[in-house]
Amino acid sequence: MVTEAKFDVVVIGAGAAGLMCAIEAARRGRRTLVIDHAAKPAEKIRISGGGKCNFTHLEATPKTYLSQNPAFCISALKRFTPWDFLDRVIRRGIPYYEKTKGQLFCERGAQDIIDMLLDDLRSAGGVLWLATAVVRVGREGGGFRLQTARGDVRAEKLVMASGGLSIPKMGATGFAYDIARQFGHEVVETRAGLVPFMLGEDWLRRLNGLSGVGLDAEARAGGTAFRDGFLFTHRGLSGPAVLQISSYWRPGESVAIDLTPGVDAAQWLRARKAERPKAALATITAEALPNRLAERWLEIFDLPAQARMADLPNATLDAFAGALNRWTLTPMGTEGYRTAEVTLGGVDTRALSSQSMESRIVPGLYFIGECVDVTGWLGGYNFQWAWSSGWAAGQAV
Ligand code: FDA
């Protein structure tokens with residue numbers, strides 16, 4: 001049992017950001033301790049990217065992040081870039097692949113990234129305490145005193161890297177926000193991001209049986225649109241396009257879905273009417289949508305599936321085109337933190353240094369990773385923020 005331990009740097013949270021920060025601090029010769037309440041480190045890395053960890057996106061720019069202070073992320077992303085992280089992956093010999101342009105995943109699995117981080121921490125001399133609850137954090141002298149399940153710890157610098165609220169069953173807590181508030185920081189309202197939509201009973205009834213049907217679609221809300229995979233689920237809507245737009249959506253707002261993105265459905269239907277006048281509407285619709293969805297769409301919008309194209313007035317085709325290009329609905333809500341990949345909002349960046357992530361209110365206190373009000377798109381941007389912000393703090397602590 002340790003009664004009182006002294007470290008130069010204590011990092012709370014052994015996730016992506018905390019481990020990166022601790023590696024950098026320890027490499028600079030700082031006596032560094034990482035504390036996590038979970039029994040295993042970096043659990044979110046382990047489950048990320050369907051187990052393959054989408055560890056970065058080579059095109060990470062401020063545009064790919066949401067924050068009340070959009071310029072905040074620039075400095076850290078410039079100083080530790082996606083290429084810098086990729087360089088570590090390559091030097092370690094981790095096989096990886098590019099899924100879509102710039103989106104990088106592990107070939108074998110996420111454990112490769114975790115092993116790299118843990119080996120780097122160990123060889124730099126960093127100490128890791130797992131399954132250790134932090135009960136209280138207070139100021140002492142110029143530094144901090146932490147009351148933990150393993151005894152008291154004194155630290156010159158304290159780094160909060162305990163993440164956001166998503167996936168509480170994996171041990172996510174609002175601890176970083178509590179500490180931020182305790183020391184006088186504002187916390188930008190948090191909400192679930194990169195999360196499936198839930199639909200109300202009316203739509204669920206109409207869409208019954210479509211669960212599992214996927215297609216390429218564009219989802220639009222809050223002045224932003226994403227074109228990507230789109231999936232009907234038994235609760236509502238999911239797939240990358242939906243997860244992306246969920247971060248821009250606010251409760252009560254509608255979402256517009258384009259089921260034939262890049263195709264003006266009105267023009268296309270009229271052209272097909274001219275080219276195949278004897279074909280049934282159902283046959284033509286199935287050229288653009290998966291079969292099950294095509295059938296259901298005609299039912300939902302009360303269209304005569306077996307009518308010949310030639311017999312359908314252009315006004316009917318135009319109305320149907322609207323249901324294809326601009327299907328508009330208001331989700332009942334999202335699945336919330338239970339399944340959200342990220343937490344939007346967080347520690348207000350206006351009181352943090354964008355160079356070092358240090359508090360402007362309490363010298364020696366730092367916030368990095370997901371607990372900060374910087375949230376990336378889907379595609380490896382969130383890990384890149386964890387690496388970049390962790391690295392930046394690691395140079396300063
Ligand atoms: P992170 O949550 O990783 O780490 C926080 C650590 O703090 C945890 O180890 C936790 O146990 C610990 N902790 C929490 N409260 C504590 C307390 N009170 N005391 C002590 N310790 C405490 N991103 C991406 O870029 N590519 C991807 O492929 C994916 N995939 C993905 C899948 C799923 C299912 C989810 C939920 C999320 C993703 N993400 C992602 C997002 C990504 O996982 C996330 O942005 C980073 O893990 C954030 O890193 P942090 O280090 O900030 O927090």
Side-chain angles (χ1 to χ4, degrees), residues 1-47 111 113-165 167-183 185 347 357-359 362-371 386 389-390 393-394 396-397:
M1 176 82 170
V2 179
T3 49
E4 183 182 282
K6 280 188 207 156
F7 286 88
D8 296 327
V9 180
V10 170
V11 179
I12 301 183
L19 290 174
M20 174 58 86
C21 175
I23 290 164
E24 291 303 304
R27 281 180 177 170
R28 288 175 45 241
R30 305 287 280 155
R31 282 170 303 142
T32 304
L33 167 69
V34 186
I35 303 179
D36 203 297
H37 67 170
K40 288 184 182 170
E43 279 291 88
K44 278 201 186 154
I45 298 181
R46 189 179 56 78
I47 61 158
Q111 194 62 40
I113 299 289
I114 301 175
D115 290 345
M116 172 176 76
L117 295 169
L118 294 178
D119 284 351
D120 285 354
L121 181 68
R122 215 170 295 126
S123 53
V127 178
L128 176 58
W129 288 359
L130 294 171
T132 305
V134 178
V135 183
R136 220 183 69 82
V137 174
R139 205 74 168 120
E140 187 176 271
F144 300 86
R145 176 179 285 273
L146 284 72
Q147 209 181 313
T148 82
R150 294 207 200 186
D152 280 12
V153 181
R154 278 165 59 196
E156 197 186 299
K157 306 284 174 93
L158 175 65
V159 184
M160 292 306 302
S162 53
L165 295 167
I167 326 273
K169 83 164 190 270
M170 290 187 71
T173 69
F175 194 49
Y177 312 135
D178 298 341
I179 296 297
R181 290 194 188 97
Q182 178 188 330
F183 286 106
H185 280 263
V347 179
M357 310 293 136
E358 187 175 14
S359 162
V362 180
L365 176 64
Y366 298 73
F367 294 89
I368 57 173
E370 192 175 329
C371 70
S389 59
V397 286

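Just so it is clear, the model here is predicted, and its values are computed rather than measured. Hydrogens, waters and symmetry mates are skipped; everything else that's a heavy atom, side chains included, is used.
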| said: My understanding is that only residues two or more places apart in sequence, or in another chain, count here; which of them pass side chain to side chain donor-acceptor pair (under 3.5 Å) with H185? | reply: S359
| note | With sequence neighbours left out, the residues meeting salt bridge (Lys or Arg N to Asp or Glu O under 4.0 Å) with E156 are R30
| field | Set of side chain to side chain contact (heavy atoms under 4.5 Å, CB included) partners for C371, sequence neighbours left out | value | A176, Y177, F367
| field | Under the salt bridge (Lys or Arg N to Asp or Glu O under 4.0 Å) test, residues paired with R154 that sit two or more places apart | value | E4, E140
| Can you name the residues that form a side chain to side chain contact (heavy atoms under 4.5 Å, CB included) with A22, not counting sequence neighbours? | V11, T32, V34, L121
| note | Here the gap from Y366 atom OH to L158 atom CG, rounded to the nearest 0.5 Å, amounts to 10.5 Å
| task | Verify, without hydrogens or angle tests, whether S162 (side chain) and G13 (backbone) share a donor-acceptor contact under 3.5 angstrom. | result | no
| said: List the residues meeting side chain to side chain contact (heavy atoms under 4.5 Å, CB included) with A124, not counting sequence neighbours, and say none if there are none. | reply: A26, R27
| said: Please enumerate all residues that pass salt bridge (Lys or Arg N to Asp or Glu O under 4.0 Å) together with R122, with sequence neighbours excluded. | reply: D119
| field | Approximate separation, where rounding is to 0.5 Å, of I12 CD1 and T148 OG1 | value | 9.5 Å
| message | Nearest 0.5 Å, please: how far is CZ in R150 from CG in L130? | response | 7.5 Å
| request: Taking side chain to side chain contact (heavy atoms under 4.5 Å, CB included) as the test, write out the residues that go with R46, two or more places apart. | output: E43, Q111, I114
